[in-house]
Amino acid sequence: MTRPTSFSLALIGSGGAGAISAGQLLLAAVAHSGLHAVMTRAFGPQIRGGEAAALLRLSDHPVECQAERLDLLIALDWEKSDRLAEDLAVDQSTVVLADPETGAIPAWIEKAGARIQPLSWSELAQGNRKTRPNMLACGVVAAVLGLGPQTMTAAAQRQFGAKGAAVVQTASAAIELGRQFAPHMDRLIPQVENESGGERWQITGNQASALGAVLGGVRFCAAYPITPATEILEWLAGRLPAVGGCLVQAEDELASINMCLGASFGGVPALTATSGPGLALMVETLGLAVATEVPVVVVNVMRGGPSTGIPTRPEQSDLNIAIHGLHGDAPHPVIAPNGIVDCLIATRQAVVLAESLQTPVLVLSDQGLGQTEAVIEAPATEEGKRFGELKGKRRLWCGEGDGDAYQRYRDSADGVAPMALPGSLGGEHTVTGLSHDRQGRPTTRSEEHRRQLDKRQRKLESFDPGEDWATIEGDGAMALITFGSATAPAREGLALLAAEGIACRMISVRLLSPLNVAGLEQALSGVDRALILELNHQGQFHRHLRAHCRLPAHTTALHRPGPQPFRPAEIVDAIRKLTMESAA
Amino acid sequence: MTRPTSFSLALIGSGGAGAISAGQLLLAAVAHSGLHAVMTRAFGPQIRGGEAAALLRLSDHPVECQAERLDLLIALDWEKSDRLAEDLAVDQSTVVLADPETGAIPAWIEKAGARIQPLSWSELAQGNRKTRPNMLACGVVAAVLGLGPQTMTAAAQRQFGAKGAAVVQTASAAIELGRQFAPHMDRLIPQVENESGGERWQITGNQASALGAVLGGVRFCAAYPITPATEILEWLAGRLPAVGGCLVQAEDELASINMCLGASFGGVPALTATSGPGLALMVETLGLAVATEVPVVVVNVMRGGPSTGIPTRPEQSDLNIAIHGLHGDAPHPVIAPNGIVDCLIATRQAVVLAESLQTPVLVLSDQGLGQTEAVIEAPATEEGKRFGELKGKRRLWCGEGDGDAYQRYRDSADGVAPMALPGSLGGEHTVTGLSHDRQGRPTTRSEEHRRQLDKRQRKLESFDPGEDWATIEGDGAMALITFGSATAPAREGLALLAAEGIACRMISVRLLSPLNVAGLEQALSGVDRALILELNHQGQFHRHLRAHCRLPAHTTALHRPGPQPFRPAEIVDAIRKLTMESAA
Amino acid sequence: MSANAPITMSVLSARDYKSDYKPVWCPGCGDFGVLNALTKALAALKLAPEQVALIAGIGCSSRIAAYTRVYGFHGVHGRVLPLATGLAVARPDLTVLAAGGDGDGFSIGGNHFIHACRRNANLTYLVMDNAVYGMTKGQASPTTECDWTGSELTPEGPHQAPFKPLEIALAAGAPFIARAFANDPNGLARLICEAIEFPGFAMIQILSPCITYRPEQMGYKKRVHEDFQPTDRLDQAWQALVADDGFTTGLLWRAERPAYRPHAADGDPASLINSFRVE
Amino acid sequence: MSANAPITMSVLSARDYKSDYKPVWCPGCGDFGVLNALTKALAALKLAPEQVALIAGIGCSSRIAAYTRVYGFHGVHGRVLPLATGLAVARPDLTVLAAGGDGDGFSIGGNHFIHACRRNANLTYLVMDNAVYGMTKGQASPTTECDWTGSELTPEGPHQAPFKPLEIALAAGAPFIARAFANDPNGLARLICEAIEFPGFAMIQILSPCITYRPEQMGYKKRVHEDFQPTDRLDQAWQALVADDGFTTGLLWRAERPAYRPHAADGDPASLINSFRVE
Ligand SMILES: Cc1ncc(C[n+]2csc(CCOP(=O)(O)OP(=O)(O)O)c2C)c(N)n1
Ligand SMILES: Cc1ncc(C[n+]2csc(CCOP(=O)(O)OP(=O)(O)O)c2C)c(N)n1
Ligand code: SF4
Ligand code: SF4
Ligand SMILES: [Mg+2]
Ligand SMILES: [Mg+2]
């Protein structure tokens, strides 16, 4: 295997300068060229017109997180760029291109000792006033990466096609002018190869979740917008009607989750998406879904917390509420996708789990996955992974069998009882959030109360999660245990260590609850040191693991809050430390 | 120490028969006599007019839970009494008094082999049609217990005084008629001694919480009724105005918690009370209270869950949501009172903690504490226990010191910064649930985000919980670790074992979060076997302990759902088993 | 439309729409009247029980779901309307009914009430209004008189302007608004039939006495008067409400407005992938 | 009353009521006009900044709290009114203002709006209505026209009757109801002064254009017309609202109603113990 090469660049500019738009065009071009790529965005606090940065990383191998440092930074201007300083990992080998006319180089760039190369947008434009610096910058990058005119025109078409041929034409012309300026990069540039291995997609994690929902069978969504989950809802709003479903905009999250429950009670698989504050408003009704055994899926795209927190940035701090946020004994599955493609798979699996087990299921995504756009190899969509043998179809009652009266909550080996849907003659029954007996009648008797608690617990314990409870990679006497968006930087950190001869296996847990304790303990066999990695302040995942599993005697935890995602170097350092500690 | 004697009786009857009213009268009489007592109620599902039971236990020592079995059961009638079968621990030495005219003895009573003694209410009444069986039953009990006519008349006065002298008179006459029938009880009856050791109170756990709130300084309450917490709110509604405070009835729990926050932002200590479903609606705003550092106390009186569950019965299944139900990293103290008197102390301590640390605090009570009425020795109310050195007064900003601009979230050693209240000139500032800097200005910078998370964590870690984090009793190489309402039956079970020579220490944790890990580990020194006891299905407390502490290698858990509280025998059995297991 | 749903074998009587659970209601509670009227209406409309769903919230009144022999959902407090809306939108073939109390619908659930009026999904909402929280033992509800001192929670009375369900419904855009009396089962049944047949959101405020916590409501019988004249002119409706004493019954407002019903095509989900493909 | 609160040293100008934080608002956003009018009003009333509290929800508009130099609370989405009510009731000496958007106040916060109208605590509520969710990038709000197709979330339009804030407020019993235009800072400032001085719940719907997601709202300037005549007669108010095109401005309704203010005595907490003592 050849060592993956990757290249990182950022385009920044103030409101209206078009940094993001240029970034998207480049992403499309790169996708077209056959490379893999990932793009994240960073904004200042303004609603619109504030400073913005498009961070692009491209590679000849799949890549799902930003790199340690920037190879290239192009400033369309420097206005208020200070607020993005944290997002831009400039160091002394970063090449910085900027037009001195747009302002002085910020102190933090000077301080980093970056290799500043001045250019002049107006000169490059050759006097053409229609020529925008952001498109010129695309041309500069095209030159650096060796992206040909055809590729760039196709990308411009994708980006601006809807605005008419003239716009595409102007953009393409600017891009070609930009090519004149090709800074020298003494840095390995990934090879552009037009023969891609297979079909490629350009997709965000949120889009992937939405697609996974539809492929899983979701045909109803009730929505209340919230950053960074809104794109899931917006995508579904436009697509569900085309496949026989619909989306209702609700007045709040209390309404959206209840609408979903109503639709699902009617037999229509339902999902909603939200983020921390919205999830907090849904927990009462999620408890009702547990008690009444009505399937529903909630995709919670985490952002910085607590409270309103940092809505536009990643953090993995909703694990506690996702697993434990319901009152009473209300166990339910929680799945965390650990990559952008996995947003599709995990969300589909969540629908499968919900429908098969008649339970609410939470998908714990985060802003770092949801709002990152990547160029990826097309995942398998026809069949897709499911947990173990689960069929993903709801077990329905069809009128036969039950002897006397229909028992909605009949006890059974796997804890799942056939559901009679409205419309089925003879299956009429009333479900309730009150403690109930097998027929669903309210009761206060210990025996009935306990029977239903046992039955619902059994559902979660008796399905076989197969291989899908975690992604396990590598080997060694050390293990890194993580979940969600921390997985990509972890993987990259471990690859760097492997290259140095330091072996460490990675266990990225996908099924956060119920934990596959036996599976995890087996995956840890032969491991004597572990690092638990998560992007939150309290170490919520670590506590959760401790509560349920035996962890290696020497277990340390690397947990810190967002809003900056982990960088591979942090992982490398932590594992190195772990090696030394246990040597001592 | 003489062995405590206790006597248990139940009065049951259908709607209107007055079983509860008779129970209350007896409780008052017993209180007057200088004994200790506890009374719980059990109802059928009807709103009103359904079957009801008053369960009374009296003792010459403090007592806070019902006993293993009933000594005496008096049936005013048997209508639908089947639904209360679980609540009535009838066995072969239980004396059952019933009038054959009111129906046949139920099968479950026959089956238990109880000693049935028929009587005739109409004969006892001597033809007086105004004489009600429930008052006759009080007379029977008075005869059994040796409660004199004066005591009974005083109790009748307390119970019916408001309805006029004639009612009191009729009741007293009926009681005296009832005395004619004194069944033989071959059972030790606690000695009635009119000289009590000191002042006695008759109070429920909910009333104790409400009183504790006021004594702690609460002057604002916003309320939305919910079983079994409503009595706290109703008590406060009637009392707060008398001490310069007020209660607002809110439209829902979202409003009640926000009103509390608003009042507290204004400097007025605020509290609300609710139960599971209501708490679920408050978690978003509790996160805001954490982030903005505005003190507020929520008393959550647990009931059977999940969802609507069993509103009128006890369970300890809201521990998860209480500790982990907030999104983001939002640590906050959670205190569980472990007795009826402790509802007062713990609620007052919660106010002290909230005000001292500028944080929301949850009190985790339950139906078994809240709605049980007890006759107790008057607790210390003047000073009362506080956590360590905490003053219970909010640290206020008074205009001096801060140098330049006032910093609401100035970093400090103990994590607490002086609060400027509206009205203080120069302290004007805006608090926000967004991640913020020391001045309270929104920020997305990692450093500021983390500083405030650290600061808020430090508040919880740097106060000294003193002795009050747990109630620790007894000694031995075994430990029982529990919390809340499970404490009383645990204490009783351990006393039975101690009498047999089996030693086991009890650690009843009051400060559930943050756990005093060092304290607990120290309390466990010398312990090699532990039993964790809690009234819920999942073993939530056990998981929580595991997540944070090293527990003895041989630790077992006894956790089961409600709605029946633990009986001492269950604990005796579990500890016996533990003794044997570790011997093996 | 729901009224055209398949009819089971023989003609059913009102009793056939009742389940065999014994209500927990106090003897004499107005809610019995509502149960009677509702089952009469279902029988009169010859609706197949399995084609009907009755969604309820939490409260004494909300227990009604389990007492009917149709599909029922006894949800959480205050969320009956979104629950019913989700079902009605996802399953337009069903007859969807929602029911609950004044606390459930106007206190904790007030927001959903307004938005359900605006949204106009095809469902019928029966509010069993007793101006009290029965289930939690007698606190003031939004419709309670501002000087009612019967609850320990508001010993001096709620001191708030009572919530006016019909005014709010009209202001919020509900197309079908009526008031009825629980102890007039025939009149109520007729109104329920009309509401069910109405293609959109139809709401009926039902004065339903709570004999336990508001015994004085037994006097409602003398106070109600069936004087509403149905109209679809806003000015007339507001005039009627300005003159209303809270006991006028009948259909107040019936307006033509297309019901909320998202349309759906029948495409292939796999085609949705195309937009992500990079050519 | 709040207007009698102590006045600081010298007379303050509107600018003195602004903080030094730069608003995150888009250039041209109507909310700047509201900030200007509000600070003008505070200056005109000579209110001491420390005696004023501005409570806000979540949304672009709700950011206003931090832009004023008074005590501020930027709460969670939709809960501005209970937060403000708690403060107003607990601290009757303060001037309490509440502010937020149409999404915050009428969508997620709609229930609190009705109940605040009913309750009539002494506070002023400014709703900055741009008929869109600005902060989350342009979805339909309750006040959005039912055929507006500008959001991907409702590509065919929201298809719901728009929420009518003044109608709802009147139906819910609010005693002071007005509408204003953000880009008429003087007119708005006058109304805010009147609202603050009003002893009870005063609400102003402020048409405040969102230049980014509803650029067509720049045309509001031409559509507004100050034609409301203040009244305290219900029939007149309803008539005015039946005739309203959504752009009539001014004070619509002002009624005398005692503000909600629980009375409090000054007893000794220890005396509360007595009722538990067993003699
Ligand atoms: C979230 C939540 N809060 C509070 C309650 C307690 N509760 C149950 S029913 C009820 C009020 C019922 O009043 P209403 O809807 O008028 O019904 P009624 O009993 O009068 O028929 C309340 C407050 C609850 N179940 N859930
Ligand atoms: C519980 C919750 N749900 C959703 C959101 C996301 N959110 C933030 S602001 C907003 C809407 C704001 O609209 P509006 O109140 O009209 O304010 P504007 O931005 O238009 O001024 C939403 C839905 C949130 N912060 N919290
Ligand atoms: S308490 Fe009132 S509302 Fe509830 S069942 Fe009894 S009479 Fe009916
Ligand atoms: S998005 Fe609209 S409402 Fe928000 S600041 Fe910009 S113009 Fe104002
Ligand atoms: Mg009611
Ligand atoms: Mg808006």
Side-chain angles (χ1 to χ4, degrees), chain C residues 78 85 89 105-121 140-144 146 154-175 200-201 233-244 255 257-263, chain D residues 78 85 89 105-121 140-144 146 154-175 200-201 233-244 255 257-263:
Chain C
T85 300
V89 170
F106 305 144
S107 192
I108 190 167
N111 200 33
H112 309 305
F113 178 53
I114 315 179
H115 291 280
C117 292
R118 295 181 51 222
R119 189 176 288 114
N120 193 25
S141 92
T143 53
T144 301
C146 73
T154 46
E156 322 241 325
H159 268 305
Q160 305 188 17
F163 183 97
K164 305 202 164 174
L166 308 194
E167 274 86 337
I168 295 284
L170 188 63
F201 181 73
R233 278 190 43 196
L234 260 185
D235 53 348
Q236 288 177 351
W238 284 123
Q239 262 165 30
L241 287 173
V242 168
D244 175 36
R257 234 184 87 202
Y260 182 87
R261 188 144 148 204
H263 70 250
Chain D
T85 299
V89 170
F106 305 144
S107 194
I108 190 167
N111 200 33
H112 308 305
F113 178 52
I114 314 178
H115 290 280
C117 292
R118 294 181 52 220
R119 189 175 288 115
N120 192 26
S141 92
T143 52
T144 301
C146 72
T154 46
E156 323 239 326
H159 268 304
Q160 306 187 18
F163 181 97
K164 304 201 164 174
L166 307 194
E167 274 85 336
I168 295 285
L170 189 62
F201 182 73
R233 279 190 41 196
L234 260 186
D235 55 348
Q236 288 178 350
W238 285 122
Q239 261 167 33
L241 287 173
V242 168
D244 174 36
R257 234 184 88 202
Y260 181 87
R261 189 146 147 203
H263 70 248

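Quick caveat, the model's predicted, so the values are computed rather than measured. Just so it is clear: chains get the letters A, B, ... in the order the sequence lines come, proteins before strands, and each one is counted from 1. Reckoned from all heavy atoms, side chains included, excluding hydrogens, waters and symmetry mates.
Neither the backbone nor the side chain of C/Pro258 has a heavy atom closer than 4.5 Å to any heavy atom of chain D. Interface residue D/Phe163: backbone and side-chain heavy atoms are both found under 4.5 Å from chain C. Residue D/Pro262 does not touch chain C at all, counting heavy-atom pairs closer than 4.5 Å. At a 4.5 Å heavy-atom cutoff, the contact between D/Ile108 and chain C is made by backbone atoms alone.
Taking each heavy atom of D/Cys146 and D/Gln160 in turn, the nearest pair found is CB-O, 3.0 Å.
Around the CZ atom of C/Arg257, the shell of radius 6.0 Å holds more than 12 heavy atoms that belong to other residues, nucleotides or ligands.
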Would you give me the side-chain donor-acceptor pairs under 3.5 Å for residues 111-119 of chain C, sequence neighbours excluded?
from, atom 1, to, atom 2, distance (Å)
C/Asn111, OD1, C/His115, NE2, 3.3
C/Asn111, OD1, D/Gly110, N, 3.4
C/Asn111, OD1, D/Asn111, N, 3.3
C/Asn111, ND2, D/Ser107, O, 2.6
C/His112, ND1, A/Glu251, OE2, 3.0
C/His112, NE2, C/Arg79, NH1, 2.9
C/His115, ND1, C/Arg118, NH1, 3.0
C/His115, NE2, D/Phe106, O, 2.8
C/Arg118, NE, D/Ala161, O, 2.7
C/Arg118, NH2, D/Pro142, O, 3.2
C/Arg118, NH2, D/Ala161, O, 3.4
C/Arg119, NH2, A/Gln249, O, 3.3
C/Arg119, NH2, A/Glu251, OE1, 2.7

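Chosen from D/Asn120, D/Ile168, D/Leu241, D/Leu234, the residue pairing most often with chain C at heavy-atom distances under 4.5 Å is D/Ile168.
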